[in-house]
Structures are given as structure tokens and as C-alpha cells.
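Numbering of ligands and ligand atoms starts at 1, following listing order.
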Amino acid sequence: MLEHLWYKNAVIYSLDLESFKDGNNDGVGDFEGLIERLDYLHALGVDTIWLAPFQPTPNKDNGYDISDYYGVDPRHGSSGDFVNFMHKARGLGIRVIIDLVVNHTSDQHLWFKEARASKDNPKRNWYVWSDHKPSNWNKGMVFPGVQKATWTKDPKTGSYYFHRFYDHMPDLNTDNPEVRDEILKIIGFWLQLGVSGFRMDAVPFVLESPKPDVDSTTLHYGYLKELRRFLQWRKGDAILLGEANVLPEETVNYFGEAGDGIHLMFNFFVNQHLFYALASTEIEPLQKALEATREINPTSQWAHFLRNHDELDLGRLTEEQRQRVFQEFGPEKNMQIYDRGIRRRLASMLGNRQQIELAYSLMFTLPGTPVIRYGDEIGMGDDLSLKEREAVRTPMQWSSEGQAGFSDSDKEVKPVISEGIYSYKQVNVKDQKRDPNSLFNWMAFMIRLRKECPEIGFGSWEIIPVKPKGILVMRYEFKEEILVFVHNFTAKGEELVLTTRQAKTQRLIDLINKVESIADEDGRHTIILNAYGYRWFRGGE
Ligand code: NOJ
């Protein structure tokens, strides 16, 4: 029955309305624009859209600072436009998941305005306060170098409020039952409007109970079960996809031992080791990361990604490994951020088509659900002149026309990339659609292929050890179907021998090229790999 779980083989596409497509030409992306582009996403082959926050916001953290959970920010349209969008997406068989950002609100949220008004305001305990300056006021910042504190004095009452992120995003007090009820209401509201689930923001921080002067608090994992229970009462197949960059041994707390916690989690651990493998050609740490995150309940699932809307976080690597990735993919100080990451897009980091294909081919074959970041399907670059993570959030490049075909407005709200090899004149959807060899067409092909390989999402897997260095071989099995994937991380071609004992199949049918390998008399398959080459095989007798 596992194959009834839609999220196990979904192909998720993440986008931010603001920078996707401007439909009403005021310079800001909106639902009208996204509706126009749904056919594009359908043609690309994605079946699930993850929408970044689109609710009313002062927009000081890319919309992750919400000031009303029950609406649509007027810059992006109206609630009516949202429902229109949901209707068309459903017609195309595309599911929608949205961000659930409940660790904090914007300081412009009415709840916080009330909470800060006086100590006896009914909303006071919706947030986390201290009457004295906590000794740990400048500990535990998520954005070091940019954020100065986690406890900030509020002038009105003279107390300090807690904020895990920026000081304009006060943390909600999730220990308060009223807050918990409200969070369920938010979940129920959007489910009723048709979403298939939530990408849950900052999960570990939602679970903590911050106290003044106390550096670390215990996390209340049971809360995730509570959320899931409610979610499933309302909509049986809705999911929670957690953002939690945690160590492998901690993940069971999030998934729940019985698979009764959150359904999916981004695999940050594998992501970081994958970039290390790309940078160094040393694949052993990646293999270990895959093994370390292997044991999860059969109904739970990893989400694999290459890049997202934040920095490439390398905080889980050793110092030496991190420096190696910096050296290869982000050597300049301006490319690095928060002492741990790189604020660049995939294409500009890797710089060549072969390695981009290798990285995506690998992502599609990792045990889990792939998540693609808008613009990466055409190889968009970044704008390092923008502050912090804005560098990787420039408007989608639709064509070589003014403002990249993103908007017809004269007003440029978000600057498009107009210089250099990643400019919209060089990199855009319209040109790539017409070019059979483009990255876009390659990506659409690979998505289709991934959909034809549901064994990846459902099956069991093993890593087959091979002699040549820098080559990862993974084998999947599900209901007597066998898949074998080979990825060469090195810049040199290689000939690889796989025995029938290892592959557990006599024939290897190449799913990308029209070749088939039948094992020789000694039971050996000889596999030719180009520099950064990748091969997908289906077994057969
Ligand atoms: C994680 C989000 O991915 C990031 O963009 C945001 O700044 C923080 N959470 C705070 O919401």
C-alpha cells in the first residue's frame, strides 16, 4: 500500500510569487502571473508546487515575516486570485503546498502590537518575554553577522522579547494553548482552501521553550504529533514537510518512531555532503551521510534538493570540508554568508553543464522526493550585489525582452540579472524551449524519467562499492524491479565493471541512451562513463 502515498514520488517545484511572474504589471509577481505560467510548470512535469509565504507582510524577510495568516498580500492579488490559482492547478493535476511560518510573526502583526502594548494585555503571553535583560541576550542567533541579539528590549513596557531570527520577527509562545489553537486554525483554514500540505518553517525553533538566561531548552517533539493528528483529521493525505537542519540521530524525533510525526524532511545532511562530493570528488562522506539517514519509518520520506531560497548551509561539514566547498564554489568573501554558507545559485557555483547535469541526475536518484528551485531548470545565476540571500531570489527569466519577460512594468521592484553570462538575454525560458539541447529540455526529460522510476521513492536501496574512485553506484529494488544508477564525480572518463552478483540482474537497460548491456560470460557488465557522466539502468532477465 506504500505506493498510495503521493508524496513519496512527487516532484516538487519551489517558487516565490514575488519573483515568478508579474501578471498585472506593477513590478511585483502575483497569482495572476503564476496562473499564466501553470501550463509551463505542467509541461516541465512537476506535480507539486511549494509556494513561499504570500500572506500580508511588511516583507522584511522575503515574506517570512507574516502580519496576517488568513489573507493574501495585496501585492500578490486577492483571496479570489488564490482560489482561482488553486482551481487551475487542480485542473492540471498539480498539488500545492504552502509555507507554515508559526515560529514567529512580523512585529507588525496585530497580536504583537497588542502584546507589546501592556503587560496585562490578553495577547501578552502569545510571545516570549523577560523582565530583565537575559544574560544570553546575544546567544543563538540564526543569522550571525547580521543579527545582533535574540532578546531585544521593547521600549513600551521595558521588557525583552525573544526572537530566534531578526528583531522584527518576535517568536510566538507555542507553550501557550491559545497560540496552539490558533496554529491549528491556520492549518485548517488553508486546508479548507485546497492545499495539500505545508512546508513547515524552522521546525526545531517551533518546538523550543526559550527562557531568559537558559542557553538550551528541551524540544517538545510531541507537538509535531499533535499537528499531524489535526492535519489528518481534516485531510487524510495532507502532509507536513519540515525544515529542520538537524543531525541524523535527531531525525527520528521529527518523523516519529511510528511515522506519526512530520511526513517529510529536507535532507540537509546529505545536501551538504553532496556539495562536498561535487567540490572534492571524494564520495565517501556522501555515502556515509546517506547511510546515516537511511533508517526512517516506511511512511516517512526525505526531500532532496540542491539549492533553495536561502544560503547553501555548510554548517554540518567539518571545517576542512567546508573550506574545500568554499574554495571551489564560493571563494570570494562576498559569496559567503553567516560564517557557514554560500549565497549563490547552482549554475553559477558549478559553472559547467556537465556538472549541473550530474548534480541533478544525482538528486533525482537519491532515496526521496526531489525539490527543484525555480530558475534552476534553465540554469539561472545570482546577483551578488544584492544583500544577504536576496542574491539568489532574482526574477524568473522568461525571455530576452525587457525585465526578462517577468514584468512589463517600467518600475523595477526586483532587479533582473541583466549583465554577464547569466543575464536574461543569455539564459531564459523562451530560447531554451526552442533548443532541443537546452538545460530546460534536459530537465523536462529527466523529470519524466524520474516519474517512470517510482522504485526510487518506494523501494529499498544499497550502495554498491566499486573500485574506481569518485563513482557512486546505487541500486534500488521494489516489487522485483531493479534500478541501478551510476554517477561519476570526477572530471575524467572511466570504465566500470559491475558484476551480475552486484547488480543482481543479467541485463542492464540504459534509460537515457539506446544501449543495453548484457553481462559477459563471466557475469560482468562493462559501463562506460564520461567525465561527470551518469547512467540510469533498469534491470531485466
Ligand atoms: C527559514 C526560511 O527558509 C528563511 O528564509 C527564513 O528567513 C527563516 N526560516 C525565518 O522564517
Atom indices of ligand 1, in the order listed, that fall short of 4.0 Å to a heavy atom of R389: 4 (C), 5 (O), 6 (C), 7 (O)
Shortest protein contact, atom 3 (O) of ligand 1 (heavy atom only): D310 OD2, 2.5 Å
Location of contacts on E388 toward ligand 1, heavy atoms closer than 4.0 Å: neither
Proximal atoms of ligand 1 relative to E243 (non-hydrogen, under 4.0 Å): 1 (C), 3 (O)
Side chain, backbone, both or neither: the part of R199 lying under 4.0 Å from ligand 1 by heavy atom: side chain
Contact check, F143 vs ligand 1, heavy-atom distance below 4.0 Å: yes
Contact check, D61 vs ligand 1, heavy-atom distance below 4.0 Å: yes
Proximal ligand 1 atoms for H309, defined as those under 4.0 Å from one of its heavy atoms: 2 (C), 3 (O), 4 (C), 5 (O)
Atom of M169, atom of D61 and distance for their closest heavy-atom approach: CE-OD2, 3.2 Å
F85 six-ring face occupied by R37 cation (under 6.0 Å, within 45°): no
Atom 8 (C) of ligand 1 - nearest protein heavy atom and its distance: F165 CE2, 3.7 Å
E257 CD: over 12 foreign heavy atoms closer than 6.0 Å: no
Numbered atoms and elements of ligand 1 in range of R393, under 4.0 angstrom, heavy atoms: 5 (O)
Heteroatom proximity flag, D201 to ligand 1, N/O under 3.5 Å: yes
Validation row, ring centre W126 to ring centre Y161 under 6.0 Å: no
Proximity to ligand 1 by part of F205, non-hydrogen separation under 4.0 Å: neither
Short N or O distance, Y64 and ligand 1, threshold 3.5 Å exclusive: no
Salt bridge (charged side-chain N to carboxylate O under 4.0 Å, His left out) assessment of D99 paired with R199: CA-CA 5 Å; D99 254 277; R199 177 263 189 198; 2.8 Å; yes
R393 and E18 ion-paired at < 4.0 Å: no
Lys/Arg cation over aromatic Y223: R180, 6.0 Å, 45° cone: yes
Check: D171/N103 side-chain N/O donor and acceptor closer than 3.5 Å: yes
Residue-ligand contact H104/ligand 1, heavy atom below 4.0 Å: yes
R294 atom CZ, neighbour heavy-atom count above 12 within 6.0 Å: yes
